[in-house]
Amino acid sequence: MASKQMLVIAIAMASIAVAFLPGLSVATEHVVGDDKGWGLYFNYTAWAETNQFVVGDTIVFEYGTANHNVVEVGGPDFLACNQPDNAVVWTSGEDRLALDKAGPRWFLCGMDQHCEKGMRLKITVLETAPPAPQPKPPLDAPPPSSPAGKLELGFGDAAAVVTALAVAVLVL
């Protein structure tokens, strides 16, 4: 009887995990410039457009310390490639920055004329990831059948069914 109860508990726990699975998210570590790193002659605007930044993620700037740095600035300073006196500057060559709040963030290299040569990055950090887009049906899809002819379950419905089955097994 004890093993039967353990099985029921395991099934119930699995159903709860399945019910909450869509809400779970994993933080992402973004290496700026991917394998090119933080340097000259790279399109950081295009790179940022291919990435999604969410609160909890980390961005990593990898570069040679003698040649570059990372300066976080505001929007107007970003546009002017200006490094204000009170700007936060990183110089480790592998700077890890936590994205701890939603909104825009601007970075540039403060060395020589590197910002003017394109070494600057603007990202927008989202509070949470937007839902994945739903696939569109093909244009030549058959007409939908009646709802009575189909049984479709979402995660919550499936979890409820599994839990009800587990309770039924426990009672037996």
Side-chain angles (χ1 to χ4, degrees), residues 13-141 144 152-160 162:
M13 295 299 284
S15 67
I16 290 170
V18 167
F20 290 104
L21 189 61
L24 299 177
S25 64
V26 177
T28 301
E29 182 174 280
H30 304 274
V31 177
V32 175
D34 296 324
D35 60 338
K36 302 293 185 205
W38 181 238
L40 293 169
Y41 314 112
F42 187 83
N43 186 340
Y44 293 102
T45 301
W47 177 84
E49 289 172 356
T50 63
N51 287 275
Q52 180 174 287
F53 307 95
V54 179
V55 170
D57 288 356
T58 302
I59 57 172
V60 181
F61 291 86
E62 295 179 345
Y63 57 93
T65 58
N67 302 323
H68 305 297
N69 64 13
V70 177
V71 182
E72 185 163 10
V73 298
D77 288 319
F78 176 81
L79 292 173
C81 283
N82 180 49
Q83 179 179 335
D85 292 336
N86 63 344
V88 177
V89 180
W90 291 274
T91 59
S92 75
E94 189 173 328
D95 306 319
R96 296 180 168 310
L97 287 70
L99 303 178
D100 55 358
K101 63 182 176 181
R105 292 187 69 176
W106 300 271
F107 305 94
L108 56 84
C109 179
M111 305 291 277
D112 300 322
Q113 298 293 310
H114 292 184
C115 178
E116 289 84 351
K117 294 177 182 174
M119 208 170 157
R120 57 186 176 170
L121 169 68
K122 176 192 182 250
I123 63 171
T124 300
V125 182
L126 304 174
E127 189 67 42
T128 59
Q134 297 297 319
K136 294 183 180 179
L139 293 176
D140 58 348
E152 294 182 14
L153 297 178
F155 281 112
D157 296 329
V162 171

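Quick caveat: nothing in here was measured; it's all calculated off a predicted structure. Residue numbers start at 1 and run along the sequence shown. Keep in mind that the numbers below use all heavy atoms, side chains included, and drop hydrogens, waters and symmetry copies.
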K.L.:
Would you check if F61 and L121 make a side-chain contact, meaning some heavy-atom pair closer than 4.5 Å?
P.N.:
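Yes. Closest side-chain heavy atoms under 4.5 Å.
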K.L.:
How about F107 and F78: are their ring centroids closer than 6.0 Å?
P.N.:
no
K.L.:
Using every non-hydrogen atom in the two residues, find where V71 and G110 come nearest and quote the distance to one decimal.
P.N.:
CG2-N, 3.9 Å
K.L.:
Taking all atoms of both residues into account, what is the closest heavy-atom pair of G56 and A27, and its distance?
P.N.:
O-CB, 3.3 Å
K.L.:
Quick one: are V54 and Q52 in side-chain contact, heavy atoms under 4.5 Å?
P.N.:
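Touching, per the 4.5 Å side-chain cut-off.
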K.L.:
Does N67 reach the main-chain N or O of G64 with its side chain, forming a donor-acceptor pair under 3.5 Å?
P.N.:
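No, N67 side chain to G64 backbone: no donor-acceptor pair under 3.5 Å.
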K.L.:
Where do H68 and G39 come nearest, in terms of heavy atoms and distance?
P.N.:
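Smallest interatomic distance, heavy atoms only, reads NE2-CA, 3.9 Å.
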K.L.:
I need the L40 CG to H114 NE2 distance, nearest 0.5 Å.
P.N.:
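If I round to the nearest 0.5 Å, the distance is 4.5 Å.
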K.L.:
Among pairs that include at least one residue of residues 48-65, which meet salt bridge (Lys or Arg N to Asp or Glu O under 4.0 Å), considering only residues two or more places apart or in two chains?
P.N.:
none
K.L.:
Could you go through L99 and V55, starting from their C-alpha distance and side-chain angles, then the distance that decides it, and tell me whether this counts as side chain to side chain contact (heavy atoms under 4.5 Å, CB included)?
P.N.:
CA-CA 5 Å; L99 303 178; V55 170; 6.0 Å; no
K.L.:
On a heavy-atom basis, which atom in A66 and which in M111 lie closest, and how many Å separate them?
P.N.:
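Nearest heavy atoms, A66 then M111: O-CE, 3.7 Å.
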K.L.:
Is any side-chain heavy atom of R120 closer than 4.5 Å to one of C109?
P.N.:
no
K.L.:
For this output row, return yes or no: ring centroids of Y44 and W106 closer than 6.0 angstrom.
P.N.:
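No, the ring centres sit 6.0 Å or more apart.
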K.L.:
Please check if any side-chain donor atom of Y63 sits under 3.5 Å from a side-chain acceptor atom of N69, or the reverse.
P.N.:
no
K.L.:
Return the CD1 to CH2 distance between I59 and W38, rounded to the nearest 0.5 Å.
P.N.:
9.0 Å
K.L.:
Would you say the side chain of P104 lies within less than 4.5 Å of the side chain of I123, judging by non-hydrogen atoms?
P.N.:
no
K.L.:
Has N43 got a side-chain atom pairing as donor or acceptor with T45's backbone, closer than 3.5 angstrom?
P.N.:
yes
K.L.:
So do V32 and H30 actually touch side chain to side chain, heavy atoms under 4.5 Å?
P.N.:
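Counting from C-beta outward, H30 and V32 never come under 4.5 Å.
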K.L.:
For residues 97-107, which residue pairs pass the salt bridge (Lys or Arg N to Asp or Glu O under 4.0 Å) check, not counting sequence neighbours?
P.N.:
E72-R105
K.L.:
For P84 and D77, which heavy atoms make the closest approach, and how far apart are they?
P.N.:
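Shortest heavy-atom separation between P84 and D77 comes out as CG-OD2, 3.4 Å.
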